[in-house]
Visitor: 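Quick one: the structure is below, and I'll ask about it shortly.
Chain letters run A, B, ... following the sequence lines, proteins first, then strands; residues in each count from 1.
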There are 2 protein chains.
Amino acid sequence: MFASLPASTIIYSPGRHKADQEAMPLSSSGTCIAKSASPIDNGYLRGRLDGVGSSVEVAKGQEIVGQGDRADSCFEVIHGCVRTLQRLEDGRSQVSEFLLPGDIFGLDASGEHEFAAEAVTAATIRRVRLCTIDLLTREDAAFEQDLRHHLCYQIKAARRRLVALGRMTAAEKIAGFLLEMSGRLDASEQGAVKLPMCRGDIADYLGLTIETVSRCMTDLKRRNVISLHGSLIAILDRRLLATKETLH
Amino acid sequence: MFASLPASTIIYSPGRHKADQEAMPLSSSGTCIAKSASPIDNGYLRGRLDGVGSSVEVAKGQEIVGQGDRADSCFEVIHGCVRTLQRLEDGRSQVSEFLLPGDIFGLDASGEHEFAAEAVTAATIRRVRLCTIDLLTREDAAFEQDLRHHLCYQIKAARRRLVALGRMTAAEKIAGFLLEMSGRLDASEQGAVKLPMCRGDIADYLGLTIETVSRCMTDLKRRNVISLHGSLIAILDRRLLATKETLH
DNA sequence: CGTCGCCTTGATTACACTCAAGCGGAGTGG
DNA sequence: CCACTCCGCTTGAGTGTAATCAAGGCGACG
């Protein structure tokens, strides 16, 4: 029924950051819209907002933007962790993304925010007005380019998450999440990272329940794939996590 | 994408303590990045590519871009229906979006396509090189603006789908899908629309199985919420679909 | 008329959810 | 200092939704 699927197009890459790095073409000739040589994904705008806007401190759990708020600013996380999420009236909620220092959110806004942003931990964020962004794009072609790359990356990231939410099992979701976070968070000297978000946030990020998140993690611990002490997690066997032999 | 669904579903903004205590006048003078008065979502680029690029005919099922293909072009659907999807090595697949005439895809590409694009039906598509797009953005500030709005809309659409995939039941997914499609497709004189995609595609779009899609639709038919004859579908009780009292 | 593709329907299974209880650390107050 | 609650996490038992397995219907097409 479908056109043949080339063998070279094989797929699932839980190590999404790594996969993207490899995906970046090295030739820079006709790249056009495509950014040719960025070693860091999602880093298109890193540092581009330094010195712009105003810094704000938010307490743990505090709302930064609410669902339905008018979108007139974007934000860069300076310190701490932020989640963007949508809440349904019956209590269900879906976390769209976790934002860590250097990450920017709210650039995609037009009109009003459909998703709220809340501080996962106490956080420092930089607030930049969208008109400032607009100004920058007009004055600086390179910035405009980088902004567009940033938006493209957001789309790709969201689509990767569609696959995870639509077609992955609980164990696969957890494995992918841990790999993602271990790549984004700074590891301590023991190679462990401290997850800033609670189990409930992880559940809402992956479309699972708290209990399932807990059970999957405990299971990985029992198999010595990870070590686990509360929110402190170290990946002991990265290959096993990535290849999904973690499923019994 | 499920924009029509959450009329009552948008919901709940807990604390109103925003981070922006200080100043930041909400003067509407600076709409900036936010497009304030577009009646049509996803229409930011409609017609903008007329006369650009080259037209291509593709047969039903034919691959337009493959996973891993170098991204050097974007496409506008002129006629027919196209799906973008990711296939996993074990046969699972996730459809990211269905594209109908006027819709554009591939603009988000940078480096290589993570998602394939395939013709759902026989289709005519316009192929535009990304360097042409790049050129247009440099020459035409309005185009650049519209392109950015388009990308922002893609992000929002993808996030809406995250909620659907992560937190909706099968019945809710189907209901939202039917509402979305009835809004995007041209209705015949009887108010019925012909879904261009098969049950399997719908299943892969919603993260369900073919059987579940079929059962849910049959159920809606039995309740006289929709009429259903193969791929010809009419919504008989839109309110019931939207309020999700369709769940027994 | 037979095959094929797509869809529907039924029976059964299993994965993740729900409900419920208990653990342990942090913080509070007597 | 200890008892207490609160909160987040874990664990267990049972349930339910959607998946799986399987069969059959129907229309298109050769």
Side-chain angles (χ1 to χ4, degrees), chain A residues 1-3 60-61 81 83 88 90-94 120-122 164-175 177-178 194-223 226-233 244 246-248, chain B residues 59-61 88 90-94 120-122 164-175 177-178 194-223 226-233 244 246-248:
Chain A
M1 162 187 181
F2 299 122
K60 177 176 180 173
C81 178
R83 63 178 172 250
L88 276 59
D90 56 11
R92 290 178 289 183
S93 61
Q94 175 67 47
V120 171
T121 64
L165 289 180
R167 288 302 185 207
M168 298 284 176
T169 64
E172 289 171 313
K173 288 175 178 177
I174 293 291
F177 172 77
L178 293 177
K194 184 182 180 315
L195 297 179
M197 69 293 289
C198 67
R199 299 291 188 270
D201 284 333
I202 299 172
D204 283 341
Y205 182 69
L206 299 175
L208 299 171
T209 58
I210 292 180
E211 294 93 331
T212 299
V213 170
S214 182
R215 269 186 259 269
C216 285
M217 286 192 170
T218 303
D219 195 54
L220 289 173
K221 178 186 181 182
R222 195 177 303 120
R223 297 160 183 277
I226 63 171
S227 77
L228 173 66
H229 300 95
S231 60
L232 207 63
I233 290 191
K244 296 175 296 173
T246 54
L247 315 169
H248 45 218
Chain B
K60 176 174 179 174
L88 277 60
D90 56 10
R92 291 179 289 183
S93 62
Q94 175 68 46
V120 171
T121 64
L165 288 179
R167 287 304 184 207
M168 298 285 179
T169 64
E172 289 171 314
K173 288 175 179 178
I174 293 291
F177 172 76
L178 293 177
K194 182 178 183 320
L195 297 180
M197 69 292 289
C198 68
R199 300 290 188 270
D201 286 333
I202 299 173
D204 284 340
Y205 182 68
L206 298 175
L208 299 171
T209 58
I210 291 180
E211 294 94 330
T212 299
V213 170
S214 181
R215 270 187 258 268
C216 284
M217 286 192 170
T218 303
D219 195 54
L220 289 173
K221 178 186 181 181
R222 195 178 303 119
R223 297 159 183 279
I226 63 171
S227 76
L228 173 66
H229 300 94
S231 60
L232 206 63
I233 290 192
K244 294 175 296 175
T246 53
L247 316 169
H248 42 216

Visitor: To the nearest Å, how far apart are Met168(B) CE and dC17(C) P?
Guide: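 Computing the Met168(B):CE to dC17(C):P distance gives 16 Å.
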Visitor: Can you find a donor-acceptor N/O pair under 3.5 angstrom joining the side chain of Arg215(A) to the base of dG12(D)?
Guide: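 Answer yes: a donor N or O sits under 3.5 Å from an acceptor.
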Visitor: Expressed in angstrom and rounded to an integer, what is the separation of Leu195(A) atom CG from dC9(D) atom P?
Guide: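 Roughly 10 Å, once rounded to whole Å.
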Visitor: Measure the CG-CD1 distance between Leu208(A) and Ile174(A) for me, rounded to the nearest 0.5 Å.
Guide: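 These two atoms lie 6.0 Å from each other.
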Visitor: Side chain of Ile210(A), heavy atoms from C-beta onward: which of dA18(D), dA19(D), dT10(D) has the nearest atom to it?
Guide: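 In terms of side-chain proximity for Ile210(A), the closest of dA18(D), dA19(D), dT10(D) is dT10(D).
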Visitor: Distance check needed: dG22(C) P versus Glu211(A) CD, whole Å only.
Guide: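 For the pair Glu211(A) CD and dG22(C) P, the rounded distance is 16 Å.
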Visitor: Going by atom types alone, do Glu172(B) and Thr169(B) pair a side-chain donor with an acceptor below 3.5 Å?
Guide: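 Thr169(B) and Glu172(B) do have a side-chain donor-acceptor pair below 3.5 Å.
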Visitor: Provide, to the nearest angstrom, the distance between the NZ atom belonging to Lys60(B) and the C1' atom belonging to dG5(C).
Guide: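 Rounded to whole Å, this separation is 9 Å.
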Visitor: Side chain of Leu208(B), heavy atoms from C-beta onward: which of dT9(C), dA18(D), dC17(C) has the nearest atom to it?
Guide: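 Per side-chain heavy atoms of Leu208(B), the pick is dA18(D).
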Visitor: Going by atom types alone, do Lys60(A) and Thr121(A) pair a side-chain donor with an acceptor below 3.5 Å?
Guide: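 Short answer, no.
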Visitor: For Leu228(B) and for Val213(A), locate the closest nucleotide of DNA chain C by heavy-atom distance; then report the residue assigned to the nucleotide nearer the 5' terminus.
Guide: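 This one resolves to Leu228(B).
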Visitor: Rounding to a whole Å, what distance do you find between Asp219(B):CG and dT17(D):P?
Guide: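 From Asp219(B) CG to dT17(D) P: 12 Å.
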Visitor: As an exercise, state the distance from CD of Gln94(A) to CG of Leu88(A), rounded to the nearest 0.5 Å.
Guide: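 Spacing of CD (Gln94(A)) from CG (Leu88(A)) equals 9.5 Å.
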Visitor: Let me know the distance between CZ of Arg222(B) and P of dT8(C), rounded to the nearest Å.
Guide: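 Between P of dT8(C) and CZ of Arg222(B): 11 Å.
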Visitor: Take the protein atom CG of Asp204(A) and the nucleotide atom P of dA16(C), then report the distance between them rounded to whole Å.
Guide: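 The distance from CG of Asp204(A) to P of dA16(C) comes to 17 Å, rounded to the nearest Å.
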Visitor: Could you check whether Thr218(A) gets within reach of a base, just the sugar-phosphate, or nothing at all, counting any heavy atom under 4.0 Å?
Guide: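 Counting heavy atoms under 4.0 Å across all strands, the contact made by Thr218(A) is with sugar-phosphate only.
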Visitor: Which one, dC6(C), dT10(D), dC19(C), comes nearest to the side chain of Arg199(A)?
Guide: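 Of the candidates, dT10(D) comes closest.
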Visitor: Nearest-Å distance, NE2 (His229(A)) to C1' (dG25(C))?
Guide: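 So the two atoms are 15 Å apart, to the nearest Å.
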Visitor: Does Thr212(A) make a side-chain N or O approach to OP1 or OP2 of dA16(C) shorter than 4.0 Å?
Guide: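 For dA16(C), OP1/OP2 do not have a side-chain N/O of Thr212(A) under 4.0 Å.
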Visitor: State whether Ser214(B) places a side-chain N or O below 4.0 Å from either non-bridging phosphate oxygen (OP1 or OP2) of dC7(C).
Guide: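 No, outside the criterion.
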Visitor: In Å and rounded to the nearest 0.5 Å, what is the CD1 to OG1 distance from Ile202(A) to Thr212(A)?
Guide: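 Going from the CD1 atom of Ile202(A) to the OG1 atom of Thr212(A) covers 12.5 Å.
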